[in-house]
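Small disclaimer: the values here were computed from a predicted structure and weren't measured. Side chains included, hydrogens not; waters and symmetry mates left out as well; all remaining heavy atoms used. For the single chain, residues carry numbers from 1 onward in sequence order.
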Amino acid sequence: MESITKNFNDAHLDSINSNYSTAETQSHTSHEEDNELSASEKSLLQKIVRTGLITSKHDIEVQRRDPKSPLYSIKSFELLELHPNLLKGVYEMGYNAPSKIQETALPLLLANPPQNLIAQSQSGTGKTAAFVLAMLSRVDPEFQYPQVICLSPTYELTIQTGEVIAKMSIYCPNIKLRYAVRGENVEKGSKIEEHIIVGTPGKVLDWATKFKFFNPKNIKVFVLDEADIMVDTQGHQDQSFRIRRLLPETCQMMFFSATYTEDVMRFANAIAPESVIIKLKREEETLDNIRQYYVNCNNKEDKYNALVNIYGGVTIGQAMIFCQTKKMALWLINQMAEQGHAVALLSGELTIEQRISVLDRFREGKEKVLVTTNVLSRGIDIEQVTIVINFDLPVTVTRGPDYDTYLHRIGRTGRFGKKGIAINLVSGILDHVVLKKIEEHFCKPIECLNTDNADDMEKLGAED
Ligand SMILES: Nc1ncnc2c1ncn2[C@@H]1O[C@H](COP(=O)(O)OP(=O)(O)OP(=O)(O)O)[C@@H](O)[C@H]1O
């Protein structure tokens, strides 16, 4: 896989950059735009970012001692009885103590006989490390064939998970990993010798059935990341289910997600019988470290102005802006680029190389703002994202609130206990109805943000 990652890091986004080259070469905010923000707005927005969003290790330690926090832990990684080389890898990654999901799930996942698990934990609370440690613990490097399959819904997430696997297993050089994603090929007639396959469902299914590159009967562990979408009829149900049917009855199932609907939970239970279930209460699903706001707007131009104000005031961190359609994302990015803002666009129709390159640039901070559609709402872990803006609220095909997408989108900020801000730009009655329902559903207030009102802004800036 090294080759893939390297190529993508090296890849240049010529086609995209040529579209937005103005944004690249100009400063982030022009002088005229600076004037659009009143001095009080600017200083307050900066204060929010400075005081609210920079979390020290000390804050995380405090959260760890609060039993209500998803970072709460009473155990150490030593107590989880990991292999010493895995433990070394964990510490090398800078993890001092397990999060709640890690300390709860790992003893279950490592127990013998193996136990199926369907686990829910909030965005950014360390689910990946939980299942990666379990996967690595189950591999027997003596045998040169795949023993673990981990499925993710998108290419980007697969690569991200693979990178966590590679880092955690740095002191287990005998454990080998194979990516099953678009662009990866195996020589016809040969067999895969790596122990872990991490991939997207279509490719893994092809490798197992059409090309018979590995024997599914040797698989001991089957992991579904973002499990709800992997077993949902709207998602990858068919392929995941077909892969599951190839695996031995005894194969251990590990399903992880931040969200599950009742239906999905029932179905997951059917394909992973007698699972232990770790489920959050509704009011626990959203994180207290992510403050949620809405801004009243009249139309999309008005939303754009609100955005520019927020963008202009933010001096630290990065923002992700979600649009419901590619058309809206393109309109927005053109507006922003015209006015000299350095923004990047990531939407579904880009090639894989382009998508990875956009993400790499954003991760490196080359662009402060990433405009995207729902393609990036799940799983992507970029620590420095301090603000998520819903330029459009997430809605279903029937234009009702899409609760799960909302939760996944705002979860791109506030990673592992850091502070984050989610701002919803709402215009029109329908938007207000959707917002109200979202607020009621998660039992968490979404406060009105009135950028013209100094008191409002002061309140916002003063928060813990
Ligand atoms: N025990 C730990 N100590 C410190 N940092 C951790 C620990 N576990 C995970 N992290 C970090 O927390 C961040 C979020 O973790 P991760 O991506 O696994 O979250 P997640 O629960 O899978 O989120 P999502 O639902 O969005 O997929 C990552 O940057 C990861 O490196």
Peer 1: Using only heavy-atom distances, determine whether the side chains of His408 and Ser123 contain a donor-acceptor pair under 3.5 Å.
Peer 2: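 Their side chains do not contain a donor-acceptor pair, so the 3.5 Å distance test is not met.
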Peer 1: Is there a side chain to side chain contact (heavy atoms under 4.5 Å, CB included) between Asn215 and Tyr145? Walk through the geometry before answering.
Peer 2: CA-CA 8 Å; Asn215 182 357; Tyr145 52 74; over 6 Å; no
Peer 1: Can you tell me which residue pairs pass the salt bridge (charged side-chain N to carboxylate O under 4.0 Å, His left out) test with a partner in residues 201-211, sequence neighbours excluded?
Peer 2: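 Non-adjacent pairs meeting salt bridge (charged side-chain N to carboxylate O under 4.0 Å, His left out): zero.
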Peer 1: Given side chain to side chain contact (heavy atoms under 4.5 Å, CB included), test Val181 with Glu184 step by step and report yes or no.
Peer 2: CA-CA 6 Å; Val181 287; Glu184 272 290 280; 4.0 Å; yes
Peer 1: Taking side chain as C-beta onward, heavy atoms only, is Lys220 less than 4.5 Å from Cys251?
Peer 2: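 Counting from C-beta outward, Lys220 and Cys251 never come under 4.5 Å.
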Peer 1: Less than 4.0 angstrom from a charged side-chain N to a carboxylate O is my criterion; do Glu92 and Lys167 meet it?
Peer 2: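 No, no charged N to carboxylate O under 4.0 Å.
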Peer 1: Please indicate whether Lys191 has more than 12 foreign heavy atoms, meaning atoms of other residues, nucleotides or ligands, lying under 6.0 Å from its NZ.
Peer 2: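 Yes.
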Peer 1: Does any part of the side chain of Ile389, heavy atoms only, come nearer than 4.5 Å to the side chain of Leu307, both counted from C-beta?
Peer 2: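 Yes. Closest side-chain heavy atoms under 4.5 Å.
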Peer 1: Please indicate whether Glu81 has more than 12 foreign heavy atoms, meaning atoms of other residues, nucleotides or ligands, lying under 6.0 Å from its CD.
Peer 2: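 Check fails, neighbour count at 12 or below.
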Peer 1: Can you find a pair of side-chain heavy atoms, one from Val186 and one from Ile192, that are under 4.5 Å apart?
Peer 2: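 The answer is yes; the side chains approach within 4.5 Å.
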Peer 1: Can you find a heavy atom in the side chain of Tyr406 that is under 4.5 Å from one in the side chain of Gln292?
Peer 2: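 Touching, per the 4.5 Å side-chain cut-off.
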Peer 1: Side-chain donor-acceptor pair under 3.5 Å between His195 and Asp140, yes or no?
Peer 2: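 Their side chains do not contain a donor-acceptor pair, so the 3.5 Å distance test is not met.
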Peer 1: Taking NZ, NE, NH1 and NH2 as the nitrogens, is one of them in Arg412 or Asp381 under 4.0 Å from a carboxylate oxygen of the other?
Peer 2: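 Salt bridge flag = no for Asp381 with Arg412.
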Peer 1: Is it true that Asn390 and Tyr294 share a donor-acceptor pair across their side chains at a distance under 3.5 Å?
Peer 2: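 On atom types as modelled, these side chains do not qualify, holding no pair under 3.5 Å.
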Peer 1: Before you tell me yes or no, could you show the steps for Ile290 and Ile421 under side chain to side chain contact (heavy atoms under 4.5 Å, CB included), namely the whole-Å CA-CA distance, both residues' side-chain angles and the distance that decides it to 0.1 Å?
Peer 2: CA-CA 5 Å; Ile290 304 173; Ile421 290 181; over 6 Å; no
Peer 1: Is the count of non-hydrogen atoms from other residues, nucleotides or ligands lying under 6.0 Å from Lys444 atom NZ greater than 12?
Peer 2: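 Buried by this count: over 12 neighbours within 6.0 Å.
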Peer 1: Please collect all salt bridge (charged side-chain N to carboxylate O under 4.0 Å, His left out) contacts where either partner lies in residues 256-274, sequence neighbours excluded, each pair once.
Peer 2: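 Salt bridge (charged side-chain N to carboxylate O under 4.0 Å, His left out) check on residues 256-274 returns Asp263-Arg266.
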Peer 1: Looking at Tyr171, does the NZ or CZ of Lys88 lie under 6.0 angstrom from its six-membered ring centre and within 45 degrees of the ring axis?
Peer 2: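 Geometry flag: set, cation within 6.0 Å and 45°.
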Peer 1: Could you list the residues that satisfy side-chain hydrogen bond (donor to acceptor under 3.5 Å, both in side chains) with Thr250, not counting sequence neighbours?
Peer 2: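 Per chain and number, Thr250 pairs via side-chain hydrogen bond (donor to acceptor under 3.5 Å, both in side chains) with no residue.
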Peer 1: If the threshold is 4.0 Å, N to carboxylate O, is there a salt bridge linking Arg178 and Glu194?
Peer 2: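 Glu194 and Arg178: salt-bridged.
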Peer 1: In terms of relative ring orientation, are Phe213 and Phe211 parallel, tilted or perpendicular, with 30° and 60° separating the classes?
Peer 2: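 Taking Phe211 first and then Phe213, their aromatic rings lie parallel (interplane angle under 30°).
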Peer 1: Against the six-membered ring of Phe391, is Lys303 placed for a cation-pi contact (under 6.0 Å from the centre, within 45° of the normal)?
Peer 2: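 Here Lys303 passes the 6.0 Å and 45° test against Phe391.
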Peer 1: Suppose we screen for salt bridge (Lys or Arg N to Asp or Glu O under 4.0 Å). Which residues come up paired with Lys436, at least two apart in sequence or across chains?
Peer 2: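 So Lys436 forms a salt bridge (Lys or Arg N to Asp or Glu O under 4.0 Å) with Glu439.
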Peer 1: How far does CZ of Arg245 sit from OG1 of Thr209, to the nearest 0.5 angstrom?
Peer 2: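 Here the rounded value is 11.5 Å.
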Peer 1: In chain order, what residues pass the side-chain hydrogen bond (donor to acceptor under 3.5 Å, both in side chains) check against Asn112, with sequence neighbours excluded?
Peer 2: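 By the side-chain hydrogen bond (donor to acceptor under 3.5 Å, both in side chains) rule, Asn112 matches Arg138.
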Peer 1: Would you kindly say whether Glu367 and Gln318 are connected by a side-chain donor-acceptor distance under 3.5 Å?
Peer 2: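 No - no donor-acceptor pair under 3.5 Å links their side chains.
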Peer 1: Just wondering, more than 12 heavy atoms not from Glu142 lying within 6.0 Å of its CD?
Peer 2: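 No, CD of Glu142 has 12 or fewer neighbouring heavy atoms, counting only those of other groups under 6.0 Å.
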Peer 1: Determine, step by step, whether Val358 and Leu345 satisfy the side chain to side chain contact (heavy atoms under 4.5 Å, CB included) criterion, reporting the C-alpha distance in whole Å, the side-chain angles of both residues, the deciding distance to 0.1 Å, and the verdict.
Peer 2: CA-CA 7 Å; Val358 169; Leu345 170 69; over 6 Å; no
Peer 1: Under 3.5 Å, which donor-acceptor pairs do the side chains of residues 394-403 form with other protein atoms, sequence neighbours left out?
Peer 2:
from	atom 1	to	atom 2	distance (Å)
Thr396	OG1	Thr398	N	3.4
Thr396	OG1	Thr398	OG1	3.1
Thr396	OG1	Gly400	N	3.2
Thr396	OG1	Gly400	O	3.4
Asp402	OD1	Thr405	N	3.1
Asp402	OD1	Thr405	OG1	3.0
Asp402	OD2	Thr405	OG1	2.7

Peer 1: Using the benzene-type ring in the case of Trp, are the ring centres of Phe255 and Tyr260 under 6.0 Å apart?
Peer 2: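 That pair fails the under 6.0 Å test.
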Peer 1: Measuring only between side-chain heavy atoms, which start at C-beta, is Leu224 closer than 4.5 Å to Val231?
Peer 2: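 Yes. Closest side-chain heavy atoms under 4.5 Å.
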